[in-house]
Peer 1: 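The structure under discussion is supplied below as structure tokens; questions concerning it will follow.
If you're wondering where the values come from, they're calculated on a predicted model, not measured in any experiment.
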Amino acid sequence: MTHPFPVKVVALQAGVSVATVDRVIKQRGGVHANTVRRVMQALDELARQSTQVGLAGRKFMLDVLMVAPRRFTDAVRRALESELPSLHPAVLRSRFHLHETLEVDGIVDLLERIRKNGSHGVLLKAPDLPAVAEAVNRLAAAGIPVVTLVTDLPGSARRSYVGMDNRAAGETAACLVGQWLGSRKKQQVLVTLSSNRFHGEEEREIGFRRALRERHRHLSIVEVSEGHGIDGATGALVRQALADHPAIAAVYSIGGGNAAIVQAFSRAGRPCQVFIGHDLDADNVALLKSGAIQAVLHHDLGQDMRRACQEILRAQGALPALAQSPSLSAIQIVTPWNLPVLNGLN
């Protein structure tokens, strides 16, 4: 196996020993399959980041741990890697730990491994659970700053949160649904969450419920959760909800799996009068173009990644401290008629 990177660089990227990388590269065997995959992933990451790695300047290793559907983690990866060159003369390399689902013990184990192997900072999207917060606290105590993405861990020692105001996003969705449904007759809105363990999703739901209660009392909510934004599980939950609730006329999809939700309505022969989703991933771009969903609440992932990296650099003393905390990401209402140009999606 040939590659252009020093073995010690590959070992740092993979979080394993030089001897392990040497065994994998020379295909000598005796290495666990998961470790082989980590080394191969490290080589792939280094290849994608090779133009940025060659820049002169201080070098920082960044770990990105996310529990989210692949369509979203792919969008985050693209956004981060496109922003890395703009941060020179500092040079940031990123190691990715991306999982569609992962139990809390697995998340804690990954965070502990990062702490033991060393890192200049962690970008984290994980459920708001005590064990995860405690692991973040141990990272902070070890001098490894953690920036939460999209969903926060407010009870932890994380350095900062980067993303939109999730409660305001829920209120925005309620405003759109209420205005676009129009009728004053009693109807139901299906609210779908990937999991009720994510603080950001809970905040969106709270905002949505409050705004409906204040402005659109004729609308009530049917909630489904724990589909993890994965099409198969989400579709099954939505099909059951449609069978149980004939008055569902709209959807506020907080947690994703929108293609499966649209398909569930189609299979039930039911119209969906208003569909509001989150994030311009590949699925949502296609659904907007087809007219299957009416609007997506989006925030600039590139800007978020840049802010998150800058927070890590500030924590490491590579950038000066800010006089005041940066504002949260702007909430963009994207419809089929104002789709922005997105790298690789349009």
Peer 1: Which residue pairs pass the salt bridge (Lys or Arg N to Asp or Glu O under 4.0 Å) test when at least one of the two sits in residues 234-246, sequence neighbours left out?
Peer 2: none
Peer 1: Are Asn284 and Asp279 close enough that a side-chain donor and a side-chain acceptor fall under 3.5 Å?
Peer 2: no
Peer 1: Could you measure the distance from the CZ atom of Arg267 to the CZ atom of Arg270? Nearest 0.5 Å is fine.
Peer 2: 14.0 Å
Peer 1: Scan Ser195, Ser225, Ser194 and name whichever one has a side chain to side chain donor-acceptor pair (under 3.5 Å) with Glu201.
Peer 2: Ser194
Peer 1: I want to check something: taking the side chain as every heavy atom from C-beta on, are Leu139 and Leu111 in contact at a cut-off of under 4.5 Å?
Peer 2: yes
Peer 1: Does Leu123 belong to the same Ile/Leu/Val/Met/Phe/Trp/Tyr cluster as Leu319, with side-chain heavy atoms less than 4.5 Å apart forming each link?
Peer 2: yes
Peer 1: I'd like to check Glu202 versus Asn166 (side-chain heavy atoms, cut-off strictly below 4.5 Å). Are they in contact?
Peer 2: no
Peer 1: Got a second to check how far Thr172's OG1 is from Arg204's CZ, nearest 0.5 Å?
Peer 2: 11.0 Å
Peer 1: Any idea which heavy atoms bring Arg38 and Ala14 closest together, and the distance?
Peer 2: NH2-O, 3.3 Å
Peer 1: Would you say the side chain of Leu80 lies within less than 4.5 Å of the side chain of Cys309, judging by non-hydrogen atoms?
Peer 2: yes
Peer 1: Quick one: CD1 on Ile221 to CZ on Arg213, what's the gap to the nearest 0.5 Å?
Peer 2: 9.0 Å
Peer 1: Do Asn258 side-chain atoms and His278 backbone N/O form a donor-acceptor pair below 3.5 Å?
Peer 2: no
Peer 1: Quick check: does any side chain N or O of Ser160 sit under 3.5 Å from a backbone N or O of Val147, one acting as donor and the other as acceptor?
Peer 2: no
Peer 1: From Thr73 OG1 over to Phe96 CZ, what is the distance, rounded to the nearest 0.5 angstrom?
Peer 2: 9.5 Å
Peer 1: Do Val238 and Leu190 pass the side-chain contact (heavy atoms from CB on, under 4.5 Å) test, and can you show the C-alpha distance, the side-chain angles, and the key distance before you say yes or no?
Peer 2: CA-CA 8 Å; Val238 173; Leu190 180 65; 3.8 Å; yes
Peer 1: Walk me through whether Val251 and Ile276 qualify under side-chain contact (heavy atoms from CB on, under 4.5 Å).
Peer 2: CA-CA 6 Å; Val251 172; Ile276 310 297; over 6 Å; no
Peer 1: So which atom in Pro145 and which in Gly143 form the shortest heavy-atom distance, rounded to 0.1 Å?
Peer 2: CD-O, 3.4 Å
Peer 1: Linking I/L/V/M/F/W/Y whenever any side-chain heavy atoms sit under 4.5 Å apart, do Val67 and Leu153 land together?
Peer 2: yes
Peer 1: Do any pairs count as a side chain to side chain donor-acceptor pair (under 3.5 Å) and have a residue in residues 133-150, sequence neighbours left out, and if so which ones?
Peer 2: Glu112-Arg138, Thr148-Asp152
Peer 1: Sub-3.5 Å donor-acceptor pair from the side chain of Gln294 to the main-chain atoms of Phe275, do we have one?
Peer 2: yes
Peer 1: Are any of the side-chain heavy atoms of Gln310 and Pro326 separated by less than 4.5 Å?
Peer 2: no
Peer 1: Under a 4.5 Å cut-off applied to non-hydrogen side-chain atoms, are His99 and Leu110 in contact?
Peer 2: yes
Peer 1: Under the salt bridge (Lys or Arg N to Asp or Glu O under 4.0 Å) rule, what pairs show up with a residue in residues 304-328, not counting sequence neighbours?
Peer 2: Glu83-Arg306, Arg159-Glu311, Glu311-Arg314
Peer 1: Can you establish whether the number of heavy atoms outside Arg70 located under 6.0 Å from its atom CZ is more than 12?
Peer 2: no
Peer 1: Is any side-chain heavy atom of Val162 closer than 4.5 Å to a side-chain heavy atom of Met305?
Peer 2: no
Peer 1: Is there a path from Phe208 to Leu181 through hydrophobic residues (I, L, V, M, F, W, Y) whose side chains come within less than 4.5 Å of each other?
Peer 2: yes
Peer 1: To the nearest 0.5 angstrom, please state how far the CG atom of Asp63 sits from the NE2 atom of His97.
Peer 2: 3.5 Å
Peer 1: Measure across Ala42 and Val10 and return the closest heavy-atom pair with its distance rounded to 0.1 Å.
Peer 2: CB-O, 4.0 Å
Peer 1: Assess the residue pair Val39 and Val16 against the criterion (side-chain contact (heavy atoms from CB on, under 4.5 Å)); give the C-alpha distance rounded to whole Å, side-chain angles, the decisive distance to 0.1 Å, and a yes or no.
Peer 2: CA-CA 8 Å; Val39 173; Val16 300; 4.1 Å; yes
Peer 1: Show the numbers, then the answer: is there a salt bridge (charged side-chain N to carboxylate O under 4.0 Å, His left out) between Glu171 and Arg167?
Peer 2: CA-CA 6 Å; Glu171 292 169 340; Arg167 194 167 293 200; over 6 Å; no
Peer 1: Please test Asp22 against Arg28 for side-chain contact (heavy atoms from CB on, under 4.5 Å), starting from the C-alpha separation and ending with a verdict.
Peer 2: CA-CA 9 Å; Asp22 187 67; Arg28 293 207 303 267; 2.9 Å; yes
Peer 1: Which pair of heavy atoms, one from Ser156 and one from Val136, lies closest together, and at what distance?
Peer 2: OG-CG1, 3.8 Å
Peer 1: Answer whether the closest heavy-atom distance between the side chains of Asp231 and Arg71 falls below 4.5 Å.
Peer 2: yes
Peer 1: When hydrophobic residues are tied together by side-chain contacts of less than 4.5 Å, even through go-betweens, does Val191 share a cluster with Val274?
Peer 2: yes
Peer 1: Does Val146 share a hydrophobic cluster with Met61, counting links as ILVMFWY side-chain heavy atoms below 4.5 Å and allowing steps through other members?
Peer 2: no
Peer 1: Drop me the distance from Leu92's CG to Leu62's CG, to the nearest 0.5 angstrom.
Peer 2: 6.0 Å
Peer 1: Minimum heavy-atom separation for Leu288 and Pro336, please, with both atom names.
Peer 2: O-CG, 3.3 Å
Peer 1: Quick one: does Val334's side chain get under 4.5 Å of Pro340's, heavy atoms only?
Peer 2: yes
Peer 1: Under 30°, 30 to 60°, or over 60°: which ring-plane class applies to His120 and Phe60, parallel, tilted or perpendicular?
Peer 2: perpendicular
Peer 1: Would you say the side chains of Gln303 and Ser329 form a donor-acceptor pair under 3.5 Å?
Peer 2: no
Peer 1: Might you point out which heavy atoms bring Ala131 and Val108 nearest each other, and give the distance in Å?
Peer 2: O-CG2, 3.6 Å
Peer 1: For Tyr161 and Val150, indicate whether the former's side chain and the latter's backbone hold a donor-acceptor pair under 3.5 Å.
Peer 2: yes
